Amino acid sequence: MPKQSKKQDMEKKKTKQSQKATKITNKKTTQEKKKTGLPSQYANKVKPYLDDIERYVRCGVTEGQICLYYGVGKTQWAQYKKDNPELNETLLKAKTALKVDLINKAYQVAIGYNYEEITTQEYKDDKGNITGTKTITYKRHAKADAGMLQFLLVNRFSEEFARDPQMVELRKKALELQQSGKLPFDTEGI
């Protein structure tokens with residue numbers, strides 16, 4: 001067998017070392033893929049109830065109340081929202097629907113609306129026995145609510161209906177200064 005040069009010996013050692021290094025990194029990546037510790041409770045506690053959670057949020061239930069109901073801590077809930085975009089999307093969709101429903105109802109109250117009121121009357125004889133019942137439907141009209149009308153106008157069209165137009169203008173200037181970096185964001189403005 002011919003003698004190998006020192007250069008060839010060094011190259012063989014380097015290739016063996018690089019092969020060992022790739023084996024070690026491959027082992028690390030497979031170990032990193034495997035989760036250690038207990039599995040997440042998201043699959044058991046939250047995921048099967050996404051439709052219910054959406055319905056609850058649409059009815060005005062807060063995320064803190066949902067955490068209590070499902071037995072999930074607030075920090076764990078925040079982690080679930082970070083790790084599972086489906087939960088985040090469900091909450092966002094429900095909050096948007098709630099907002100739209102509230103604005104529509106506020107608009108109805110502000111301009112007035114028609115509704116039906118159903119009452120049931122019972123007829124009794126001289127002995128106190130019920131001889132019959134009659135259901136009566138009344139059509140009613142709720143008058144426009146001036147307070148809600150003012151609230152919507154002030155909040156929706158603040159430039160035209162603000163109580164203090166100068167204050168609105170000052171807040172706009174403060175916001176512009178914050179965005180340009182001339183005023184720190186931690187200040188509440190003017």
Side-chain angles (χ1 to χ4, degrees), residues 35 37-172 175 188-189:
K35 291 185 177 181
L38 294 174
S40 172
Q41 291 295 314
Y42 175 78
N44 298 332
K45 288 185 176 182
V46 178
K47 190 172 183 175
Y49 307 106
L50 284 177
D51 292 336
D52 294 337
I53 290 170
E54 182 178 359
R55 194 172 67 245
Y56 296 149
V57 171
R58 246 189 117 152
C59 293
V61 177
T62 65
E63 287 186 37
Q65 292 169 330
I66 290 172
C67 290
L68 285 173
Y69 183 76
Y70 286 105
V72 177
K74 290 181 181 179
T75 54
Q76 189 62 45
W77 182 262
Q79 189 64 39
Y80 289 161
K81 284 175 36 177
K82 229 184 243 185
D83 296 341
N84 304 291
E86 63 205 9
L87 175 62
N88 227 0
E89 289 172 12
T90 300
L91 292 171
L92 181 64
K93 186 170 77 170
K95 286 177 184 179
T96 304
L98 171 65
K99 185 171 130 183
V100 169
D101 290 345
L102 288 174
I103 290 170
N104 289 339
K105 188 55 84 174
Y107 178 73
Q108 271 187 337
V109 169
I111 63 170
Y113 58 95
N114 295 323
Y115 66 98
E116 290 184 356
E117 186 177 293
I118 300 172
T119 59
T120 304
Q121 291 181 339
E122 295 179 346
Y123 296 104
K124 298 181 181 181
D125 60 6
D126 295 337
K127 298 178 184 176
N129 298 330
I130 298 174
T131 58
T133 60
K134 183 178 180 183
T135 303
I136 302 171
T137 304
Y138 297 103
K139 292 188 177 184
R140 307 271 186 191
H141 179 76
K143 293 181 181 179
D145 185 359
M148 183 58 74
L149 184 61
Q150 181 182 8
F151 175 80
L152 287 174
L153 288 173
V154 166
N155 289 300
R156 286 291 177 152
F157 308 105
S158 59
E159 284 119 18
E160 298 172 39
F161 297 99
R163 291 184 183 123
D164 191 1
Q166 293 170 343
M167 188 60 114
V168 172
E169 203 55 43
L170 288 173
R171 285 190 179 144
K172 282 183 183 179
L175 182 62
E188 292 187 24

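Positions are given from 1 along the sequence. Keep in mind the model is a prediction, meaning the values are calculated, not measured.
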Please report the shortest heavy-atom distance between [X] and [Y], naming the atom on each side.
| X | Y | value |
| --- | --- | --- |
| Pro48 | Ala43 | CD-O, 3.2 Å |
| Tyr123 | Lys134 | OH-CD, 3.4 Å |
| Leu91 | Lys81 | CD1-CD, 3.7 Å |
| Ala144 | Ala110 | CB-O, 3.1 Å |
| Arg156 | Ile103 | NH2-CD1, 2.6 Å |
| Leu92 | Thr96 | O-OG1, 2.8 Å |

Pair Arg55-Asp52, side-chain contact (heavy atoms from CB on, under 4.5 Å): steps then yes or no: CA-CA 5 Å; Arg55 194 172 67 245; Asp52 294 337; 3.2 Å; yes

Derivation of the side-chain contact (heavy atoms from CB on, under 4.5 Å) call for Lys105 and Met148: CA-CA 10 Å; Lys105 188 55 84 174; Met148 183 58 74; over 6 Å; no

Under 3.5 Å donor-acceptor, [X] side chain and [Y] backbone:
| X | Y | answer |
| --- | --- | --- |
| Gln76 | Gly73 | no |
| Thr90 | Glu54 | no |
| Lys45 | Gly71 | yes |
| Asn84 | Glu86 | no |

Can you tell me how far [atom2] of [Y] sits from [atom1] of [X], rounded to the nearest 0.5 angstrom?
| X | Y | atom1 | atom2 | answer |
| --- | --- | --- | --- | --- |
| Leu50 | Leu87 | CG | CG | 6.0 Å |
| Ile130 | Glu122 | CD1 | CD | 4.0 Å |
| Tyr138 | Tyr115 | OH | OH | 12.5 Å |
| Asn88 | Lys82 | CG | NZ | 11.0 Å |

Atom OH of Tyr70 with >12 non-hydrogen neighbours under 6.0 angstrom: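 Correct, the count exceeds 12.
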
Parallel, tilted or perpendicular: ring planes of Tyr56 versus Tyr69, cut at 30 and 60 degrees: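 Judged by the thresholds at 30° and 60°, the geometry between Tyr56 and Tyr69 is perpendicular.
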
Parallel, tilted or perpendicular: rings of Phe157 and Phe161 (30°, 60°):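 The arrangement is perpendicular - the two ring planes meet at more than 60°.
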
Evaluation steps, side-chain contact (heavy atoms from CB on, under 4.5 Å), between Val72 and Gln41: CA-CA 9 Å; Val72 177; Gln41 291 295 314; over 6 Å; no

side-chain contact (heavy atoms from CB on, under 4.5 Å) between Lys95 and Val57, worked out: CA-CA 6 Å; Lys95 286 177 184 179; Val57 171; 3.7 Å; yes

